[in-house]
Amino acid sequence: MKKIIGFILIVLMFSSCGEYQKLLKSTDYPYVYSKAIEYYNKGEYQKAMNLFDGIRSIFTGTSKAQSIAYYRAFCTYNQKEYQYASELFKQFVSLYPESSYAEECLYMMGYCNYMASPRPRLDQQTSLKAIQDFQLYLNRYPNSMRKEKINGYIDELLDKLAYKDYLSAKNYYLREHYKAAVVSLQNCLKDYPGSKYREEIMYMLFNAKYEMAVNSVEDKKLERYNAAKEEYYYFADEYPNSKYANELKKKYDTINAFLDNYKFDE
């Protein structure tokens, strides 16, 4: 019995392959179109894509052209080729801005880039594109039911961007490249003021300025100690109960001791 079932399955498989090969060469374009949709609905996205590719120029300027563009974008999305899919959804929105599918495709344009967004340590251009696409969607459809979901995606992407910049700045800090660390840490605070890494960024920023002052040449010490002292005030004001409070207070006392001696010397 198992042999019979296996034989039937093999026959069906070859029959299906034979049908598909004939479709690729067929000039019965409406039939190929209907079979492409059939393959799509069965989840055979590459076969559907190949058939749509073969007939899309035939149906240019017809009512089916819009459907073919829509299906091609989703074929690509369902095969997890997210960046290419985003481009196809973008093309759809550009070609058919008045389509009933336009809103969905604009959303998918951003969502595909969101799905393609890489790990934080890698280049984040795709994440930036996703944010821009989502913001464009919200501008056009401010009352969309997708709004809350999209805002969640944007927050997630912004956190990834903030984390990447935080890691870069922290790398300078840990390698004791304090001047570069100060610039990078300040940019983190400017670009992502609500980041969950804010406390640690401000902690590192104070320490970087403090180390620059301690290790500075004599004629720059006063300026740099004052800069570190100012940074301490910012930190202590914002995080009075920080786990770093005692550590930074000791360094603050060292700063004041230097500044007091400097005044005495003057």
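This one's a predicted model, so the numbers in the text were calculated from it and none came from an experiment.
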| task | Given side chain to side chain contact (heavy atoms under 4.5 Å, CB included), test D165 with S184 step by step and report yes or no. | result | CA-CA 8 Å; D165 285 1; S184 293; over 6 Å; no
| said: Please determine whether side chain to side chain contact (heavy atoms under 4.5 Å, CB included) holds for the pair F59 and S67, giving the CA-CA distance in whole Å, both sets of side-chain angles, and the decisive distance to 0.1 Å. | reply: CA-CA 10 Å; F59 288 105; S67 294; over 6 Å; no
| request: Take N226 and L259, measure what side chain to side chain contact (heavy atoms under 4.5 Å, CB included) needs, and give me the verdict at the end. | output: CA-CA 8 Å; N226 277 319; L259 294 175; 3.6 Å; yes
| task | Could you walk me through whether S99 and F92 pass side chain to side chain contact (heavy atoms under 4.5 Å, CB included), step by step? | result | CA-CA 9 Å; S99 168; F92 184 96; 3.5 Å; yes
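Y172 and M202 fall into different hydrophobic clusters, where Ile, Leu, Val, Met, Phe, Trp and Tyr are joined by side-chain heavy atoms under 4.5 Å apart, directly or via other members. Residues L185 and L174 share a single hydrophobic cluster, defined by chaining ILVMFWY side chains whose heavy atoms lie under 4.5 Å apart. Note on Y233: it clusters hydrophobically with Y203, by side-chain heavy-atom contacts below 4.5 Å among ILVMFWY residues.
The aromatic rings of Y153 and F134 lie parallel to each other, with less than 30° between the two planes, well short of the 60° mark. Between Y141 and Y137, the ring planes are tilted. Angles from 30° to 60° get that label.
The shortest non-hydrogen separation linking A102 to P97 is CB-O, 3.6 Å. The nearest pair of heavy atoms linking G110 to D133 is CA-CB, 3.4 Å. Minimum heavy-atom separation, S242 to E199: OG-OE2, 2.6 Å. Shortest non-hydrogen contact noted between K147 and P142 is CD-O, 3.4 Å. When all heavy atoms of L157 and S117 are compared, the closest pair comes out as CD2-OG, 3.7 Å. Heavy-atom minimum distance, R224 versus S216: NH1-OG, 3.4 Å.
Side-chain atoms of N261 come within 3.5 Å of backbone atoms of A257 as a donor-acceptor pair (strictly under, hydrogens ignored). Looking only at distances, no side-chain donor or acceptor of N171 sits under 3.5 Å from a matching main-chain atom of L167. In this structure, S86 contributes its side chain and M109 its backbone to a donor-acceptor pair below 3.5 Å. A side-chain donor-acceptor contact under 3.5 Å links T60 to the backbone of S57. Judged by distance alone, the side chain of K221 and the main-chain N or O of V214 form a donor-acceptor pair under 3.5 Å.
Every residue two or more places apart in sequence or in another chain that forms a side chain to side chain donor-acceptor pair (under 3.5 Å) with Q83 is listed here: T126. Legend: residues meeting side chain to side chain donor-acceptor pair (under 3.5 Å) with Y173, ordered by chain and number and at least two apart, are N207.
Side-chain polar atoms of Y210 and Y252 form no donor-acceptor pair below 3.5 angstrom. For the 3.5 Å distance criterion, the side chains of Y20 and E44 fail to qualify, holding no donor opposite an acceptor. Using modelled atom types and a 3.5 Å distance limit, the side chains of Y40 and N78 yield a donor-acceptor pair. Of the N and O atoms on the side chains of Y70 and E104, at least one donor lies less than 3.5 Å from an acceptor on the other residue. Using modelled atom types, one finds no donor on one side chain facing an acceptor on the other under 3.5 Å when comparing Y31 with S26.
A salt bridge between E103 and R146 is present, with a side-chain N of the basic residue lying under 4.0 Å from a carboxylate O of the acidic one. Under 4.0 Å is where a charged nitrogen must lie from a carboxylate oxygen, and between E230 and K209 no such pair does. A salt bridge links K251 to E247: one of the charged nitrogens lies within less than 4.0 Å of a carboxylate oxygen. A salt bridge links K170 with E200: the distance from a Lys NZ or Arg NE/NH1/NH2 to an Asp or Glu carboxylate oxygen falls below 4.0 Å. One finds a salt bridge joining K35 and E38 here, because a Lys/Arg side-chain nitrogen approaches an Asp/Glu carboxylate oxygen to under 4.0 Å. Comment: K249 engages D253 in a salt bridge, judged by a side-chain N to carboxylate O separation of less than 4.0 angstrom.
Side-chain atoms of N151 and L138, non-hydrogen and from C-beta on, do get closer than 4.5 Å to each other. Residues F235 and Y244 meet the side-chain proximity criterion, which asks for heavy atoms closer than 4.5 Å. Looking only at side-chain heavy atoms (C-beta outward), Y234 and L205 stay at 4.5 Å or farther from each other. Using a 4.5 Å heavy-atom threshold, the side chains of L158 and I131 count as touching. A 4.5 Å side-chain heavy-atom check between Y45 and T76 finds every atom pair outside the cut-off. Between E211 and E176, the closest side-chain pair of non-hydrogen atoms is not below 4.5 Å. A heavy-atom distance below 4.5 Å is found between the side chains of Y197 and D159. Residues Y82 and N113 are not in side-chain contact: their nearest non-hydrogen atoms beyond the backbone lie 4.5 Å or more apart.
Note that the CZ atom of R198 and the OH atom of Y239 stand 5.5 Å from one another [nearest 0.5 Å]. The distance from atom NZ of K90 to atom CG of L95, rounded to the nearest 0.5 Å, is 12.0 Å. Between the CG atom in L189 and the CD1 atom in I201 there is a gap of 5.5 Å [rounded to 0.5 Å]. How far CD1 of I154 is from CD of E156: 11.5 Å, rounded to the nearest 0.5 Å. Considering CG of N50 and CG of L24, their distance stands at 6.5 Å, rounded to 0.5 Å. In this structure, K160 NZ and Y114 OH are separated by 7.5 Å, a value rounded to the nearest 0.5 Å.
L88 belongs to a hydrophobic cluster whose remaining members, ordered by chain and number, are M49, Y84; membership requires side-chain heavy atoms of ILVMFWY residues under 4.5 Å apart, directly or through intermediates.
Considering I55, D28, V32 as possible partners of L23, the one that fulfils the side chain to side chain contact (heavy atoms under 4.5 Å, CB included) test is V32.
Taking the six-membered ring for Trp, F74 and F89 have ring centres closer than 6.0 Å.
Around the CG atom of D219, the shell of radius 6.0 Å holds more than 12 heavy atoms that belong to other residues, nucleotides or ligands.
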